[in-house]
Asks: 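Encoded as structure tokens, here's the structure I'll be asking about.
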Amino acid sequence: MNPADLQALLPILIVAGGALLVMLVLSFKRSQTLSSLLTLLSLAAALASIPMAMSADADRIAPLLVIDSFGFFYQGLMLILTMVVTIFAHSYLEKFRMERGEFYILLLLSLVGAIALAQASHFVSLFLGIELLSVSLYIMVGYIFTRAKAIEAAVKYLFLAAVTSAFLLFGMALIYARLGSMDFITIAHLLREHPLDDPYLLAGSVLMFVGIGFKLSVVPFHQWTPDIYQGAPAPVTGYLATVSKIAVMAVTLRFFYSMDLHQQPGIAAALTLIAAASMLVGNLLALFQDNVKRLLAYSSIAHIGYILVAFIAGGERGPEAVTFYLSIYSLALLAAFGVIAYLSPSDRDSDTIDHYRGLFWSRPWIAVAFSIALFSLIGLPLTAGFMGKLFLVSAGIQAEEWLLVIWLAANSAIGLYYYLRIVIAMYQTSDDPQSEDSTAPPFALIIGTVIGLLVLSIVWFGLHPESLNLWIRALSTQP
Amino acid sequence: MTLATLIALPFAGGLLCWLTARYSVAACRWIALLALGIGLAWTLAYWNHGSGPDGWILEEKISWIPSLGIHFQLSLDGLSLLLIALTFFLGLLSVLISWHSIHERVGFFHFNLLWILAGTVGVFLATDLFLFFFFWEMMVLPMFLLIGIWGHANRNYAAVKFFLFTQASGLLLLVAIVGLAFAHQQQTGQLTFDYNQLLGSQLQPLAEFWLMLGFFIAFAVKLPAFPFHTWLADAHSEAPTAGSVILAGILLKTGGYGLLRFVLPLFPDASETIAPYAVLMGVIGILYGALLAFAQTDLKRLIAYTSVSHMGFILLGVFAWNEVSQQGTVIQMIAHGLSTGALFILAGFIYERIHTRDLDQMGGFRTLAPRLAAFALFFAMASLGLPGTGNFIGEFLILLGTFREHMVLTTLAATGLVAAAVYSLWIVQKVFHGKPGKTQSLPDLNRMETLILTLLLLGLVGLGLYPRPVLDVAAGPLEALRTPVYVTAVETALKEDAP
């Protein structure tokens with residue numbers, strides 16, 4: 001390892017160092033505000049170090065990581081989103097009388113795993129990244145352990161994640177047994193000579209996809225999603241739904257595209273089935289939810305299904321559309337969870353639709369922000385979600401995936417209905433004094449500003465998508 | 001002033017309304033009036049403005065999403081000018097009728113009202129297909145809120161149904177638009193959503209048919225044509241009066257406009273294939289709508305179904321595909337906007353007075369409110385297509401033009417006029433004649449209400465007695481739309497060669 005390599009690894013090193021720093025400071029002074037400030041500082045430093053890391057004269061930290069602009073874009077995205085999560089979490093946790101500083105250590109540690117995944121090009125780094133990401137998440141999901149649902153969610157997540165990790169490992173082992181390599185590039189080379197219908201490779205890739213599918217929560221590996229979204233504290237759900245998925249999607253993109261797996265007929269057919277089923281099942285189940293967090297959980301299954309359309313399409317526009325959609329989807333989803341966190345009293349998250357009845361008339365600004373986030377998830381014009389759909393549809397049509405694209409359109413129409421239920425509830429006049437009882441959370445101004453910024457960025461990218469898309473188009477992957 | 005400001009005017013006016021309503025409700029209403037008034041005046045100023053060499057009066061083009069070849073491109077021609085003028089005019093009336101009937105959340109109401117109008121004006125101006133879609137979708141959401149917040153008892157159901165129908169068909173439209181652009185790219189190597197360039201695409205027959213179907217269904221839902229009409233009655237009957245006026249007067253017209261502007265010129269061959277079926281759908285719509293109208297006991301629902309019937313004529317006129325029928329379509333669109341708008345306004349006035357839309361509870365209003373009754377009689381007559389009103393000109397021209405192409409179907413459609421007489425007279429008889437029911441006193445129209453209805457009446461009579469100016473403005477664009485692009489190209493080439 002030479003200085004250039006270290007320079008290229010700066011974001012990961014800074015985040016990891018931040019975790020240590022927060023831990024050390026915590027042993028001297030227990031202060032939530034101090035811990036979260038240090039967290040924010042180290043995240044900002046890591047973000048600022050990205051240009052420096054990009055200029056490093058390194059293209060590979062052999063054999064585990066690759067250094068390319070694709071990876072750095074995803075790292076930057078995750079760092080920004082985690083900063084937002086930190087701010088939400090700070091206000092959210094302020095409501096509880098418990099030890100809170102450790103939360104930020106966990107957050108930073110799991111982020112180390114996440115941003116390492118964006119650069120992973122080897123089974124070992126893939127596995128380490130996923131484990132680092134998940135192990136911290138087990139505790140974060142159950143962090144407010146006084147709530148019954150939290151423990152249930154944490155245990156569920158622990159068991160399922162452990163089982164799927166085993167699948168992932170076994171799949172890797174099978175592929176390694178046949179090809180003798182764990183390096184994406186070497187595997188890609190070897191795969192050109194080996195037919196994929198080799199039982200070892202076939203079983204291995206299926207098992208690996210089970211593991212990845214669990215993390216992405218696509219049908220049929222989606223059952224955990226609603227319980228954990230519901231049980232986890234709102235900021236953690238926001239983190240789980242955005243950063244954790246982005247990280248896994250990034251590595252999946254790299255893995256599949258480096259060996260053109262998405263173009264293998266069998267795998268493409270399986271992916272198509274999974275995409276179609278995810279869209280349908282996610283949307284149908286979301287229709288029946290009265291709980292906003294569960295609703296968003298099911299809808300996230302459908303959204304990953306939409307993203308898979310562009311993923312399968314591939315070509316020039318496919319990965320770009322995936323990245324664009326993932327970015328703006330995360331902005332909107334995080335804004336939505338920010339609103340939930342903002343409105344939640346300390347005893348439980350305000351997550352039933354009834355909590356939002358009449359919100360527009362009692363707190364117009366927060367309701368407008370929530371509406372715009374939901375409109376973006378629906379994909380209405382003036383929001384970035386609209387442009388995201390345009391890019392997905394364009395990628396799909398360019399690859400002539402007509403059926404998938406029409407399926408996407410039909411499913412978006414179902415999706416409308418449940419998002420609209422929340423919107424309608426907000427704009428209804430409520431005679432119910434219950435909606436009035438929630439008071440402003442701690443640091444309402446800061447968290448309100450952050451939600452405002454998220455919403456503004458949604459509108460900005462909705463009007464001017466090229467400002468983001470030009471960056472994404474310039475990304476390159478290092479084989 | 002540029003075309004973009006024409007959209008920005010209601011857009012900014014809406015935002016301003018929302019912000020000022022907190023301090024002064026009257027200021028909000030005046031701002032709305034002013035924004036729409038300026039828009040109307042500006043539009044009318046271009047009435048006799050000559051058009052450029054390519055047929056557009058004004059054009060604007062700015063790059064928007066270069067990676068997909070999408071531009072912010074607006075163009076104005078006679079057809080869009082007429083419809084934009086209608087939009088602003090009915091918008092003005094909607095603000096006026098809401099003056100005394102909307103008291104809650106006035107700012108947000110006008111915000112939604114003006115944003116619908118901004119979206120509609122955008123739809124009539126956009127000549128980049130993606131931009132068109134952008135505005136097409138943009139006008140739906142404020143309408144949804146307008147119905148959902150200020151509507152009557154069953155408003156949520158109606159609002160959601162409206163939204164689902166238009167959005168689901170809108171997504172098909174998006175797929176078709178993107179599909180068309182990529183098909184064009186395969187052919188020419190250039191990815192563009194520019195209407196003028198896409199006009200020249202020569203598509204595979206099968207692809208052309210499916211893409212056309214995506215456009216057609218979206219517009220047929222908005223129109224609404226026969227099998228897609230079920231959202232209309234709910235949306236209309238539950239919407240507040242201003243919402244119904246805008247919905248019937250303007251939003252439905254975007255469907256007809258889309259057929260004229262996009263479906264026929266972009267997909268000439270596929271449109272020819274589907275034309276007989278479209279005409280059939282139109283005829284079924286005319287008869288079925290009239291039949292349903294007759295069966296209603298809710299005044300607003302009744303008027304809504306008459307819309308289905310009248311919009312059937314539009315489908316007929318568009319797909320008969322000749323000058324007479326299409327001229328009739330344009331007149332019919334404007335006349336229907338005015339006459340049905342007026343009927344909804346009347347229904348609104350009655351509702352404000354007796355708080356019901358149930359026909360069985362009405363009766364004998366002629367003696368109680370003679371002025372109201374007189375206006376109602378006129379607009380009912382207009383609705384049945386009495387000579388001297390714009391509706392007569394529209395329906396007559398459509399039937400005349402269609403008769404040459406589809407004799408049997410046109411004859412059937414003409415019987416729709418008889419049905420129209422039945423339901424129109426039914427309204428008059430039920431509401432204004434007979435014995436007064438429970439209602440013993442009914443204030444007659446006040447000055448503002450009389451003014452609003454008089455404006456509409458003048459418009460209809462003017463259109464009925466002297467349609468020439470409108471026909472002249474529409475003639476050029478309609479001819480251009482009927483002429484396939486390659487013919488135009490050959491003609492220009494010949495002209496250039498001649499000297």
Side-chain angles (χ1 to χ4, degrees), chain A residues 316-317 320-321 324 360-361 364 368 371-372 375 378-383 386-387 389-400 402 404-421 423-429 462-470 472-474, chain B residues 11 18 22 63-70 72 104-105 107-108 115 119 122 130-131 133-141 144-145 147-150 155-157 159-161 163-183 185-186 191 193 207 210 214:
Chain A
E316 180 199 346
R317 293 184 191 279
E320 286 166 21
F324 186 87
F360 183 70
W361 311 113
V368 166
S371 308
I372 294 178
F375 291 155
I378 297 177
L380 291 183
L382 296 179
T383 65
F386 182 71
M387 296 298 169
K389 276 229 166 97
L390 170 71
F391 289 130
L392 289 186
V393 167
S394 300
I397 287 181
Q398 199 173 38
E400 303 197 337
W402 288 102
L404 263 184
V405 169
I406 290 180
W407 190 252
L408 189 160
N411 272 285
S412 306
I414 307 179
L416 274 178
Y417 181 75
Y418 54 79
Y419 288 124
L420 277 186
R421 282 182 60 208
V423 177
I424 287 183
M426 284 196 287
Y427 289 83
Q428 266 170 353
T429 40
L463 288 174
H464 195 55
E466 289 294 83
S467 52
L468 177 63
N469 200 36
L470 280 180
I472 293 176
R473 287 176 72 83
Chain B
F11 208 74
W18 194 4
R22 189 174 299 186
S63 182
W64 183 25
I65 311 176
S67 63
L68 285 172
I70 294 172
F72 187 86
E104 285 189 2
R105 323 184 198 294
F108 195 53
W115 274 40
F130 181 74
L131 185 68
F133 180 72
F134 182 89
F135 287 124
W136 179 262
E137 294 283 281
M138 212 189 81
M139 63 187 180
V140 177
L141 184 73
F144 163 79
L145 291 174
I147 300 174
I149 298 177
W150 290 273
R155 55 179 179 262
N156 282 348
Y157 171 75
V160 170
K161 193 168 175 184
F163 202 74
L164 283 180
F165 264 79
T166 44
Q167 277 286 318
S169 61
L171 287 163
L172 276 184
L173 182 62
L174 175 67
V175 173
I177 287 176
V178 177
L180 176 65
F182 277 108
Q185 188 195 22
Q186 274 186 354
L191 184 59
F193 287 78
W210 285 106

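In what follows, chains carry the letters A, B, and so on, assigned in the order in which the sequence lines appear, proteins first and then strands, with residues in each chain numbered from 1.
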Asks: Non-hydrogen atoms of chain A under 4.5 Å away: do they reach the side chain of B/F134, the backbone, both or neither?
Replies: both
Asks: Counting only non-hydrogen atoms closer than 4.5 Å, does B/F135 touch chain A with its backbone (N, CA, C, O), its side chain (CB onward), both, or neither?
Replies: neither
Asks: Measure A/R421 against the heavy atoms of chain B and call it side chain, backbone, both or neither at under 4.5 Å.
Replies: neither
Asks: Quick check for you: to the nearest 0.5 Å, what is the distance between B/E137 atom CD and A/I378 atom CD1?
Replies: 10.5 Å
Asks: What part of B/W210 lies closer than 4.5 angstrom to a heavy atom of chain A: side chain, backbone, both or neither?
Replies: neither
Asks: Please name the pair of heavy atoms, one in A/I397 and one in B/V175, separated by the smallest distance, quoted to 0.1 Å.
Replies: CD1-O, 3.3 Å
Asks: Please classify the contact of B/I149 with chain A as side chain, backbone, both or neither, using a heavy-atom distance under 4.5 Å.
Replies: side chain
Asks: Applying side-chain contact (heavy atoms from CB on, under 4.5 Å), can you list everything that pairs with B/P66, at least two apart in sequence or on another chain?
Replies: A/E466, B/S63
Asks: When rounded to the nearest 0.5 angstrom, what distance separates CZ in A/F360 from CZ in B/R105?
Replies: 8.5 Å
Asks: Write down the atom of B/S67, the atom of A/N469, and the distance for their closest heavy-atom approach.
Replies: OG-ND2, 3.1 Å
Asks: Does some side-chain heavy atom of B/F144 sit less than 4.5 Å from a side-chain heavy atom of A/L420?
Replies: yes
Asks: What closest approach, in Å, do A/P465 and B/W64 show between heavy atoms, and which atom pair accounts for it?
Replies: CD-NE1, 4.3 Å
Asks: Please report the closest heavy-atom contact between B/L171 and A/S412, naming both atoms and the distance.
Replies: CD1-CB, 3.5 Å
Asks: Quick check on B/L145 against chain A: is it the side chain, the backbone, both or neither that has a heavy atom closer than 4.5 Å?
Replies: side chain
Asks: Taking the side chain as every heavy atom from C-beta outward, state whether A/S394 and B/F182 have any pair of such atoms under 4.5 Å apart.
Replies: yes
Asks: For A/F386, is it the side chain, the backbone, both or neither that has a heavy atom under 4.5 Å from a heavy atom of chain B?
Replies: side chain
Asks: Give, as side chain, backbone, both or neither, the part of A/L382 having an atom under 4.5 angstrom from any heavy atom of chain B.
Replies: both
Asks: By side chain to side chain donor-acceptor pair (under 3.5 Å), which residues pair with B/Q186, not counting sequence neighbours?
Replies: A/E400
Asks: Should A/L390 and B/I70 count as side-chain neighbours, where that means a heavy-atom distance under 4.5 Å?
Replies: yes
